[in-house]
Amino acid sequence: MRKYDHKKIEKKWQREWQKKEIYRSKENPRKPKSYVLDMFPYPSGEGLHVGHPKGYIATDVYARHKRMTGHSVLHPMGWDAFGLPAENFAIQNKVHPRAAVAKNIARFKEQLSTIGLDYDWSREINTTDPSYYKWTQWIFLKLLEKGLAYESNEPINWCPKCQTGLSNEDLDGNACERCGTIVEKRPMRQWMLRITDYAERLLNDLSHLPEWQEHIKESQRNWIGRSEGAEIDFPLEFENTTAPKPNYLLLHGYKESPIGAFIPWLNGELERRGLKVQVPELPNSWNPKETEQVKKVLDTCTIDERTIIVGHSLGGAIALKVLEKINRPIAGLMLVASAVNAKFPGAVERPYQKHFNWDVDYARIRKLAGFSVILSDLQEGTRRIPYLKFLAKELGARLVEGNAEEKHFMGKEEPMVLNALLPSITVFTTRADTLFGATYMVLAPEHPWVRLAIQQKGLLKNEDEIVRYIALSDKKTELERITEQKKKTGVRLEGVEAVNPATGKKIPIFIADYVLAHYGTGAIMAVPAHDERDFEFAKKFKLPIVEVIEPLAVRTTGLDAVHADGPFHDRPAILAFVKHWSEDKYLAVRYKPTDTRGCVSGGIDEGEEPIATAQREIREETGYVHTSLVRKLGGTIHGKYYSVVRKWNTFAHYTPFLFTLDDDTCEQVSEKEKADHEITWLTKKEMDEFINHEDMRIAWVRINGRACYEGEGILANSGEFSGMESAEARKAITGKLGRAKVTYKLRDWVFSRQRYWGEPIPVIHCAKCGVVPVPEKDLPVKLPEVNSYQPTGTGHSPLASIAKWVNVRCPKCKGPGTRETNTMPQWAGSSWYYLRYMDPNNKKALVDKKKEKYWAPVDTYVGGAEHATRHLIYARFWHKFLHDIGVVSTPEPFMRLISVGLIQAPDGKKMSKRYGNVINPDDIVKAYGADTLRMYEMFMGPFTDSIAWSTESMIGARRFLERVWRLGQRANPSTTSSLRSDGYGAGNEERGAEGTERQLHKTILKVGSDIESFKFNTAIAAMMTFTNVAEKEGINKDQFVRFLKILAPFAPHMTEELWSSFAKATKDKRGARKMRSIHTEKWPSYDVSKLKDETVRIAVQINGKTRGEASVAADADKEAQEAAARGAVAARLDGKQVVRTIVVPGRLVNLIVSD
RNA sequence: GCCGGGGUGCUGAAAUUGGUAGACAGAAGAGACUUAAAAUCUCUGGAUCGCAAGAUCGUGUGGGUUCGACCCCCACCCCCGGCACCA
């Protein structure tokens, strides 16, 4: 073949490869495995543009290289085809989504196949295939079984255009990620997945993923949003003392009678507050029986709507049973370290279990109890926690975790119990050190306590106003809440006050929408002196601002950075800003030795007044004599730094002042001060930029009046904690007045969609049995045919209208039941698909254990960065869950994650039908060939960068391939004769040039390692360099064939064609031999001794500047290199003395000369 | 605001991680071949000054460390990405 004609070559080989199944993946225990995965595409109606295949080409090159280096490679492809785009496309085009999806997939597959990708299509999967989503549903059932799937009625994000609920991850700010519509809050029943239970592990395990790009990990960290802080209870006091008081029923636990633990103490504390308490002694506490104990309570105690039942340990179980029996509303329920149902997974069997019936009607109790609280003691470890969480969810109870005085609340006094009983509001804060500065409290308008308080008529005096504010903020969209960010609004709750547990002072309570209901506890303590938001609110509502943190600035950089080991020397000092007598300018001082830019500062001498010190220092440093004090600039500011003069660490305590200068009277400044200080007059704005030390800046901002300080420091006005530093104080205050608590921004995953085209959620609702999972044998629950799959917008999916499908028998009681009609979100199927490729046709299991063990985890995963906080979080969550239940063997699914940089349109915009700037790969393949497209996309730039497409630049890739083609003809003796006249210089075709040989070894090494590290652009550059050398020096057949092999992953068609023509030539000589594909050949090896040239050129520098070049033998010693270097620049060395020589072997010689 | 990643010719970029900055390409200019064009081949190609040899400057800006800095340190500017009334 004379001319490179891609059209003749490419189709031919694609068919050939498919026929011979050269890309079939097999588990081969003798070979190392490599699982190379692309994020599978969503087969949209638009087809592919030129940007889509970039990642696929990269994994293709990578997988081919892996195969050639002796790996068993799994490189599969499939389709993520459930979800809104397919459904909307179907509605618009009036076809069934299934049909639309089938059509789109066919088109995608066709497009991908023309690029020559090496997928093992026998493992193709499709999330909408019932045999696939059977296992998606199976995973859901497992999640349900383990208490990780639950129904909820909390308000969620609703997209009015897509007409479905969305998860937090589906939002782009406050808009629907898909269509850009601003979402509303809508209360509705939906399924949720408890991803927050995995928050800690999802966060921590990121550190075990060194081969993930940092920005992806960072996105996930931000998204999970862990913060460490404390929960603190603020007791409430009511103005209306005539409001009815509660009474208490205390139930003791197992083996505790005569009545033990904290019960007698609690009884006393409550009675001391004038409250009525009943404490029955439960019979046979050493061998308790449920019916007997419940009977005793019912017979001897009075229970009414004002009763709060408190049950400790086993008493907690009795409390539930009592409430179930009396079946009347009560004021509240508190379970203190409740006994655990022995049937609950992981629970320990107790002797009394057989005398107890643990079936409890949680829903009924939830309705009867005005409030419920569950207390859990962290000292008991994590064993009980799943059950307590389950209880909390079922009862709608608040779960409070903390440290009891003694394990299992067995202390004689347990203040945590008393605090939780007295009406109080719990806040979450990361700044417990500022507790003494909490001068008011703010609740989110949606806070449940507010709703409860309004129901109690007469408790709050301004109910109407409160109700109006709540209604208003309900109506506000998220957008308004955010755009009105700066304007703080709120309403005070009249008739109730909170008590700051640190100061004992009463503080007002507000509701305000700057506090978010769903973060922390939905309530905050407001510390206006040390929080910008509280500061603004306090100014607007004229609330007291109490400073409790004296700022502390620690210098960590520069000459005066604190020395790590040295002790600190205290130094009382002043900072003095001086205003000009007539202009609006300030005295700026630069202390030269440490480049400290700010104001006058200095130490207070023994017995000196701070004001006098300031005036003295002003005089000494600047010479100005007549100064008057304007005011002190707030309280003390502390600074830690290293004193360059005294040579020790200094802990300075500054009193900051503002002075004015009365006139320009000036005295002589000493020489030393003059040398050290530089004085200028600067405007306010200039000062802002001038000051470069934190302590001075803190003082400076106070010029404009009272400032809020959000940093850390030293506690003041904080009782016994005064004088502590923030970090230490946080621990101390949390220990004494609160409980340590970790909070996440991550929300549970809203798992219901009110649309048609998704996996049906496999549960049945039964009036008698409640939620009943569909038995495993009945999976998959197939998506039924429906007349109209238009979204209903009513909060029900179109499935709800198919009575025949919906109405079924309850699998448990065989009574009438109805199917769940919500479907799963698009992200369900993609959360585990990588597992199915390992064993795509398994009917008995999601994946065979042996196959999973062989292939897992995914070694290299390539896809778009936009999935950082959605698919990649969900998949990690499901994977960890599957790991926990023993389905998979690794804790993480993807070992190495690489995100593809986008290919933008030539105009620099996003390539999209909307802009009309789409470049179709089909056109490129037709005109230039698949190999050219592949080469260019890999050569464009670094793989992870986004770069604009340029068909013009692509010519370079095509030219390179043509040069290789011609080089091949030159290297092939059977065709050389016809080529001698094409303008090349004389060749060394027969023996093979030595220069070419060396270059080839270098290239083999570089291309191999560059592919491994996804640096395809430099791999190609190296191959181009090789062809440049080969053209000049000549190339023989053997060299060319080795070169073809390293080019093969990039240009599979052309290399296969050339390879086959060479192989034919071989066959003629050696007789019949089986033809193998170049893609199943071994990667060529390189010889270390050939990696270096015999002579190298080294740079010759004089005083660090390159002044010449010298040629030396590669193995020349230092002396020889130096001699050669001296020779190269002999003229320049004339009359000069070489004082020093630095030789970097094989690189350079640097000669240091003096005159 | 907080966090992460970046900033190099006309353009895409490279630089063995402290050792000749600009490899490899694209666009451009000059030449060869051709009736001509395309293709191909050869040469030039950071800036300024100079006929030239050469000199000076040059990796966002300003300082520093070093024989030597795109690379390390300090301060700042700009671009991209994530989070953001998250207590």
Side-chain angles (χ1 to χ4, degrees), chain A residues 173 213-227 229 427-431 434 442 481-482 484-488 512-516 518-527 530-534 536-537 557-559 561 595 597 689 692 710 743-745 865-866 868-869 899 936 939-942 944-948 950 952-957 959-960 962-963 966 982-985 1006 1015 1017-1028 1031 1097-1110 1139-1153:
Chain A
Q213 281 168 296
E214 191 53 42
H215 71 275
I216 305 271
K217 289 196 270 188
E218 193 56 27
S219 295
Q220 293 209 351
R221 282 188 203 109
N222 283 339
W223 190 259
I224 294 166
R226 180 183 200 271
S227 37
V427 304
F428 174 72
T429 177
T430 54
R431 290 299 301 271
T434 64
V442 190
R481 272 201 180 194
I482 288 160
E484 288 171 15
Q485 219 173 92
K486 289 279 136 61
K487 295 178 226 149
K488 297 275 182 290
D513 63 11
Y514 83 90
V515 173
L516 307 174
H518 54 256
Y519 185 76
T521 60
I524 61 155
M525 64 177 203
V527 186
H530 304 294
D531 182 286
E532 275 306 336
R533 298 155 299 184
D534 300 342
E536 257 167 60
F537 191 87
T557 58
L559 285 171
D595 191 32
R597 300 169 201 223
E689 286 179 21
N692 70 353
E710 292 192 294
T743 303
Y744 303 91
K745 278 193 270 191
E866 69 273 17
T869 55
S899 56
Y936 175 58
F939 185 61
M940 287 175 86
T944 55
D945 286 11
S946 31
I947 297 163
S950 160
E952 196 184 52
S953 300
M954 192 186 63
I955 299 302
R959 282 210 272 252
F960 168 68
E962 285 176 2
R963 278 166 68 191
R966 271 181 265 130
D982 69 353
Y984 284 106
K1006 173 125 182 94
K1015 283 151 77 176
N1017 55 333
T1018 52
I1020 292 172
M1023 290 190 283
M1024 287 171 166
T1025 306
F1026 173 78
T1027 56
N1028 290 346
E1031 275 174 4
R1097 285 138 76 104
I1098 58 170
V1100 183
Q1101 297 185 334
I1102 294 176
N1103 291 340
K1105 292 197 173 190
T1106 306
R1107 283 295 126 99
E1109 230 176 40
V1139 256
R1140 204 180 145 195
T1141 318
I1142 291 126
V1143 181
V1144 183
R1147 290 248 172 254
L1148 61 72
V1149 175
N1150 189 5
L1151 304 166
I1152 314 303
V1153 304

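Proteins get letters first, then strands, A, B, ... in listed order; numbering begins at 1 in each.
For A:Arg1140, counting side-chain heavy atoms from C-beta on, the closest listed nucleotide (B:C67, B:A87, B:C83) is B:C67. Taking only side-chain atoms of A:Thr430, from C-beta outward, the nucleotide of B:A55, B:A87, B:C67 with the closest atom is B:A87. The nucleotide whose nearest atom lies closest to any side-chain atom of A:Thr1106 is, among B:G26, B:U20, B:G12, B:U20. Nearest to the side chain of A:Tyr519, among B:A87, B:C24, B:U40, sits B:A87. Side chain of A:Asn1028, nearest nucleotide from B:A23, B:A21, B:A25: B:A25. Checked against B:C24, B:U20, B:C83, the side chain of A:Glu1109 finds its nearest nucleotide in B:U20. Among B:G4, B:A14, B:C85, the nucleotide with an atom closest to any side-chain atom of A:Glu218 is B:G4. Of the listed nucleotides (B:A87, B:G19, B:C24), B:C24 has the atom at the smallest distance from the side chain of A:Thr1025. Nearest to the side-chain atoms of A:Asp513 among the listed nucleotides B:C85, B:C83, B:A87 stands B:C85. Side-chain proximity of A:Thr1018 to B:C67, B:A14, B:A25: nearest is B:A14.
Base contact: A:Gln1101 has a heavy atom under 4.0 Å from a base atom.
Side chain A:Arg1147 to base B:U16: a donor-acceptor pair is found below 3.5 Å. Judged by distance alone with a 3.5 Å cut-off, a donor-acceptor contact links the side chain of A:Asn1150 to the base of B:C67. With hydrogens and angles left out, the side chain of A:Lys745 and the base of B:C83 share no donor-acceptor pair within 3.5 Å.
One finds a side-chain N or O of A:Ser227 lying less than 4.0 angstrom from the OP1 or OP2 phosphate oxygen of B:A87. Within the structure, a side-chain polar atom (N or O) of A:Asn1017 is placed less than 4.0 Å from OP1 or OP2 of B:A14. Contact annotation: A:Arg431 does not reach the phosphate of B:A87 (side-chain N/O to OP1 or OP2, under 4.0 Å). Phosphate contact (OP1/OP2 of B:C57, side-chain N/O of A:Lys1105, threshold under 4.0 Å): present. In this structure, A:Arg963 reaches the B:A25 phosphate: one of its side-chain N or O atoms is under 4.0 Å from OP1 or OP2.
Here, B:A55 and B:G60 have their C1' atoms 27 Å apart, quoted to the whole Å. Rounded to a whole angstrom, the distance from the P atom of B:A13 to that of B:G7 is 10 Å. For B:A39 and B:C78, the C1' atoms lie 44 Å apart once the distance is rounded to whole Å.
Here the closest heavy-atom approach between residue A:Thr430 and residue A:Ser227 is recorded as CG2-CB, 4.0 Å. Heavy atoms only, all atoms of each residue included: A:Tyr936 and A:Ala957 are closest at N-CB, 3.8 Å.
Positionally, the nearest nucleotide of RNA chain B for A:Glu962 lies more toward the 5' end than for the other of A:Glu962 and A:Thr521.
With A:Phe537 as the aromatic partner, A:Lys488 does not meet the cation-pi criteria of under 6.0 angstrom to the ring centre and within 45 degrees of the ring axis.
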